[in-house]
Amino acid sequence: VLNGMGQEAFLIKAMRGAYTYFWQNDYKVDFITPEQVENGYCNQYDLIYMPFMAVIDKEISVGLANYVEQGGNLVGTARCGMLGDKGWYNHQIPCHSLQDVFGVSAFDANAGEDANVTYKMKNYAGHWHREEVKVLSNTVEVLARFNNDQPAVTMNVYGKGKALYF
């Protein structure tokens, strides 16, 4: 989905990688449905990680915003909510209320580019995407930067929780 339609293999690889990492490091892993986000069931979790969650509608974004506002921690990645529930492109990324939650606006993504990322004075190889974001809030902390000095990883305090955007 992130480099045009037909990128399901990339999405599955991202989900499998996240699952494997959390499982091997003794984190409990669960999958939640959109309905569980909307009805607040997800509030029992300390962290929600959304690996390349490209399809997010307004109701899910409101549920996720409520989750973070009440103290949850949310991690979003490139092209977060780029499509709505009908498959139409959202012109605001992250979409709907998630832009306030993450405190950033994504305006371009360069696919197929392995951009380097600097975190705490160390360089790391990126993989596949370099999304360009604009920081929208003074509560956003830039944790890591791409080699062109643009934000690569940000953290925003929203209500009682935190939101990281990769």
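Quick note: residue numbers are just sequence positions, from 1.
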(message) Less than 4.5 Å apart, side chain to side chain, heavy atoms only: is that true for Phe146 and Asn116?
(response)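 Sidechains of Asn116 and Phe146: no contact.
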(request) Please confirm whether the backbone N or O of Val135 pairs with a side-chain atom of Ser105, one donor and one acceptor, at under 3.5 Å? (result)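 No.
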(request) For Ser97 and Ser61, indicate whether the former's side chain and the latter's backbone hold a donor-acceptor pair under 3.5 Å. (result)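 Yes, Ser97 side chain to Ser61 backbone: donor-acceptor pair under 3.5 Å.
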(request) Give every residue pair that meets the salt bridge (charged side-chain N to carboxylate O under 4.0 Å, His left out) criterion with at least one member in residues 137-148, sequence neighbours excluded. (result)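 Checked against salt bridge (charged side-chain N to carboxylate O under 4.0 Å, His left out) - neighbours excluded - the pairs reaching residues 137-148 are Arg145-Asp149.
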(request) Using the test salt bridge (Lys or Arg N to Asp or Glu O under 4.0 Å), find all partners of Arg16 that sit at least two apart in sequence or belong to another chain. (result)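 Result, salt bridge (Lys or Arg N to Asp or Glu O under 4.0 Å) vs Arg16: none returned.
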(message) Do Val62 and Ile60 land in one hydrophobic cluster if side-chain heavy atoms of ILVMFWY residues count as linked below 4.5 Å?
(response)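 No, no single cluster joins them.
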(request) Just jot down the side-chain contact (heavy atoms from CB on, under 4.5 Å) partners of Asn25, sequence neighbours excluded, or say none. (result)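 Expected list: Tyr21, Tyr27.
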(request) Decide side-chain contact (heavy atoms from CB on, under 4.5 Å) for Val68 and Ile48; before the verdict, give the C-alpha distance in whole Å, the side-chain angles of both, and the deciding distance to 0.1 Å. (result) CA-CA 9 Å; Val68 177; Ile48 294 176; over 6 Å; no
(message) Tell me every residue that passes ring-ring contact (aromatic ring centres under 6.0 Å, His included) with Phe107, counting only those two or more places apart in sequence or in another chain.
(response)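 For Phe107 there are no ring-ring contact (aromatic ring centres under 6.0 Å, His included) partners, ignoring immediate neighbours.
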How long is the gap from [atom1] on [X] to [atom2] on [Y], to the nearest 0.5 Å?
X: Met15; Y: Thr20; atom1: CE; atom2: OG1; answer: 11.5 Å
X: His96; Y: Asn90; atom1: NE2; atom2: CG; answer: 4.0 Å
X: Tyr89; Y: Cys95; atom1: OH; atom2: SG; answer: 11.0 Å
X: Leu74; Y: Met53; atom1: CG; atom2: CE; answer: 10.0 Å
X: Cys42; Y: Asn66; atom1: SG; atom2: CG; answer: 8.5 Å

(request) Would you mind listing every side-chain hydrogen bond (donor to acceptor under 3.5 Å, both in side chains) that reaches into residues 37-60, with sequence neighbours excluded? (result)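 Of all non-adjacent pairs touching residues 37-60, those that pass side-chain hydrogen bond (donor to acceptor under 3.5 Å, both in side chains) are Asp30-Tyr45, Tyr41-Gln44, Asn43-Gln70.
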(message) Test of understanding: with side chain to side chain donor-acceptor pair (under 3.5 Å), list the residues that count as partners of Asn148, not counting sequence neighbours.
(response)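 Expected list: none.
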(message) Between Val37 and Leu64, is the side-chain contact (heavy atoms from CB on, under 4.5 Å) condition met? List the steps.
(response) CA-CA 6 Å; Val37 172; Leu64 290 168; 3.8 Å; yes
Compile the donor-acceptor pairs under 3.5 Å between side chains in residues 150-166 and protein atoms, sequence neighbours left out, one pair per line.
residue	atom	partner	partner atom	Å
Asn156	OD1	Thr139	OG1	2.4
Asn156	ND2	Asp100	O	3.3
Asn156	ND2	Val101	O	2.9
Tyr165	OH	Glu131	OE1	2.7

(request) Output, in order, the C-alpha distance, side-chain angles, deciding distance and verdict of side-chain contact (heavy atoms from CB on, under 4.5 Å) for Thr77 and Met50. (result) CA-CA 7 Å; Thr77 58; Met50 303 185 301; 5.8 Å; no
